[in-house]
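I have placed the structure first, in the form of structure tokens, so that the comments after it can refer back to it.
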Protein chains: 2
Amino acid sequence: MAARDYGQYGGVSSALELVGERWALLIIRDLLVGPRRYGELAGGLARIPSNILAARLKELQAGGVIRRVPHSRVIVYELTPYGRELEPVILALGAWGFKAMGEPREAQIITPDSMTMDLRTAFQPLVAASLPPTAYAARLGTVELFIRVEGSDLDVVRGGGPADLAFAAGADIRRLISGELTPDRAITTGVVQVLGGRNELLDRFATTFHLAA
Amino acid sequence: MAARDYGQYGGVSSALELVGERWALLIIRDLLVGPRRYGELAGGLARIPSNILAARLKELQAGGVIRRVPHSRVIVYELTPYGRELEPVILALGAWGFKAMGEPREAQIITPDSMTMDLRTAFQPLVAASLPPTAYAARLGTVELFIRVEGSDLDVVRGGGPADLAFAAGADIRRLISGELTPDRAITTGVVQVLGGRNELLDRFATTFHLAA
DNA sequence: CGGGATCCCGTCAGATACTG
DNA sequence: CAGTATCTGACGGGATCCCG
């Protein structure tokens, strides 16, 4: 049960002994969005074997990174305060990995939690601060997200709602966020379909969520 | 040879497919200090099997993270520009892991490169900017480092040199950096031995390198 | 001697089935 | 729904060997 050790005394090796095992940081990524049940984690991490998920949850719990909370009938996993301090790590890792993303491979899926964290990664609070509050309803593949930007605050939740701009796109929304595609070209090429609201608001979206490749 | 995939399309999973395998981030940590030869990496990562080191180097090269550079007779590995962009990730991970460090376990060693990166992690550029240039000669366990702070710049190299303060300590230098121990108590308890220079300069060291637990 | 490649073995991950 | 049990295959660990 004890995580495998690297035989070194240092910050990075200590961190990797706690969260360096396969799947661990993806579990933490999803828990950064909010507390999740076992089945929700398994659903978001489609290809994780259930025994591995169970093992990781125990290890992360033993390491003080997550907590197992019984809520009346159901059991929920959530990050401890110390686990929540991994947010800068996940955001930095996500920003770096974002630049390496190419076209989605066969059988690569988008999940609500991974998309939510990618949006948080690309979020530009300084840009957003000077823009009026805006709500977006985005359908990305099969994932529906309701995105509210207000000042330098960002809130992303699953589902829809009354939005200033509603749009649908696929995995290549990445090309809009990276700046590879202008908002205009994204619409004319069909990468983004505007379902409601003014087209110009996609400009605002693209400047609010931007991560150069 | 292709890295194992997570079946997800997202920034974090993409990153982990490139640098998420065991030992990979420790190799990158050491290469952030400077280009290294195969044997130097093997020396700094004492417990890595040579086949794993060889496999990781190939994978990281294929992923565009490192480069294999023949220098006349010898071969040197170095980070690509894209690989160097992992520095914020390593620093964030190191800062997080630093807080989880307890006493060194049996057979846990300190290496020059891991110590160098830990110092970079703990470095407070804003504090340093308002202090006069200072050079420290530190012997940490068997590791000798020459640390120069000038304005908000930090330079750490192996070996010694003419320093304003020379001191020796063990792994529990961590307790000074975390603030668990004041500089005064660190000296009186013998955690830090001042070998040359004025004792008061250890105050400056402790404020320049600080990471609360 | 530096820079690996090869071999064997143990452990972990992956897939599926099963249970309280 | 929240895991446990079991089996198989792949990867990591350790030692040894090889080649320029």
Side-chain angles (χ1 to χ4, degrees), chain A residues 1-8 13 16-27 30-31 35-63 66-78 107-109, chain B residues 1-8 13 16-28 30-31 34-63 66-78 105-109:
Chain A
M1 171 72 57
R4 287 177 293 172
D5 116 283
Y6 286 99
Q8 302 202 343
S13 52
L16 290 176
E17 287 171 6
L18 285 172
V19 299
E21 297 294 308
R22 193 164 163 75
W23 294 104
L25 283 172
L26 291 179
I27 294 171
D30 286 5
L31 290 179
R36 291 288 180 266
R37 299 163 60 166
Y38 185 95
E40 294 174 322
L41 289 170
L45 274 32
R47 309 194 20 167
I48 193 174
S50 74
N51 57 343
I52 300 296
L53 177 56
R56 288 296 166 273
L57 290 173
K58 278 183 188 166
E59 293 161 12
L60 291 172
Q61 200 185 349
I66 69 172
R67 199 161 29 206
R68 187 178 189 270
V69 183
H71 268 178
S72 60
R73 288 286 302 173
V74 297
I75 291 164
V76 167
Y77 295 91
E78 63 181 30
Q108 261 190 331
I109 62 173
Chain B
M1 171 71 58
R4 287 179 289 175
D5 113 289
Y6 286 100
Q8 301 202 345
S13 51
L16 290 175
E17 288 171 6
L18 286 172
V19 299
E21 297 294 307
R22 192 162 165 77
W23 293 104
L25 284 171
L26 292 179
I27 293 171
I28 289 159
D30 286 5
L31 290 180
R36 292 286 180 266
R37 298 164 60 166
Y38 185 95
E40 294 174 323
L41 289 170
L45 275 31
R47 310 195 20 169
I48 194 175
S50 78
N51 58 342
I52 300 296
L53 176 55
R56 287 295 166 275
L57 290 174
K58 280 184 187 166
E59 294 161 9
L60 291 173
Q61 199 185 346
I66 68 171
R67 198 158 32 202
R68 188 177 190 269
V69 183
H71 268 181
S72 61
R73 289 286 303 174
V74 297
I75 290 163
V76 166
Y77 295 91
E78 65 183 29
R105 295 193 295 277
E106 184 76 18
Q108 262 188 331
I109 63 172

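A quick note: this is a predicted structure, and the numbers were derived from the prediction, not measured. Throughout, protein chains are lettered first and strands after them, A, B, ... in sequence-line order, and every chain is numbered starting at 1.
Dashed line: the shortest gap from a side-chain N or O of A:R22 to OP1 or OP2 of D:dC11 is not under 4.0 Å. For C:dG4, one of the phosphate oxygens OP1 or OP2 lies less than 4.0 angstrom from a side-chain nitrogen or oxygen of B:Y77. Residue B:R68 places at least one side-chain N or O under 4.0 Å from the OP1 or OP2 atom of C:dG4. Phosphate contact (OP1/OP2 of D:dT4, side-chain N/O of A:K58, threshold under 4.0 Å): present.
Atom C1' of nucleotide C:dG4 and atom CZ of B:R56 are separated by 16 Å, given to the nearest angstrom. Taking atom CH2 on A:W23 and atom C1' on D:dA10, their separation rounds to 15 Å, with Å as the unit. Whole-Å rounding puts the B:D5 CG to C:dG14 P distance at 10 Å. Across the protein-nucleic acid pair, B:I52 atom CD1 and C:dC7 atom C1' stand 13 Å apart, rounded to whole Å. With rounding to whole Å, B:Q61 atom CD is found 9 Å from C:dG4 atom P. If you take CD1 of A:I27 and C1' of D:dA2, they are 14 Å apart, rounded to a whole angstrom. Here D:dA2 presents its P atom at 17 Å from CG of A:N51, a figure rounded to the nearest Å. Distance CZ (B:R73) to P (C:dG4): 13 Å, rounded to an integer number of Å.
Seen from the ring of A:Y6, B:R22 counts as a face-on cation partner, given the 6.0 Å and 45° thresholds.
Residue A:E21 is the one, among A:E21 and A:S50, whose nearest nucleotide of DNA chain C lies closer to the 5' end (criterion: closest heavy atom). Between B:P49 and A:Y38, the one whose closest nucleotide on DNA chain D sits nearer the 5' end is A:Y38.
Judged purely by atom type and a 3.5 angstrom limit, B:Q108 uses its side chain to pair as donor or acceptor with the backbone of A:Q8.
The distance from atom CD1 of B:I75 to atom OH of B:Y38, rounded to the nearest 0.5 Å, is 11.0 Å.
Here the closest heavy-atom approach between residue A:L25 and residue A:V19 is recorded as CG-O, 3.4 Å. Nearest heavy-atom pair, B:L31 versus B:Y77, reported as atom, atom and distance to 0.1 Å: CD2-O, 3.4 Å.
Here C:dG3 is the nucleotide among D:dA2, C:dG3, D:dT4 with the atom lying nearest to any side-chain atom of B:R37. Across D:dG3, C:dA15, C:dG3, the shortest atom-to-atom separation from the side chain of B:I75 is found for C:dG3.
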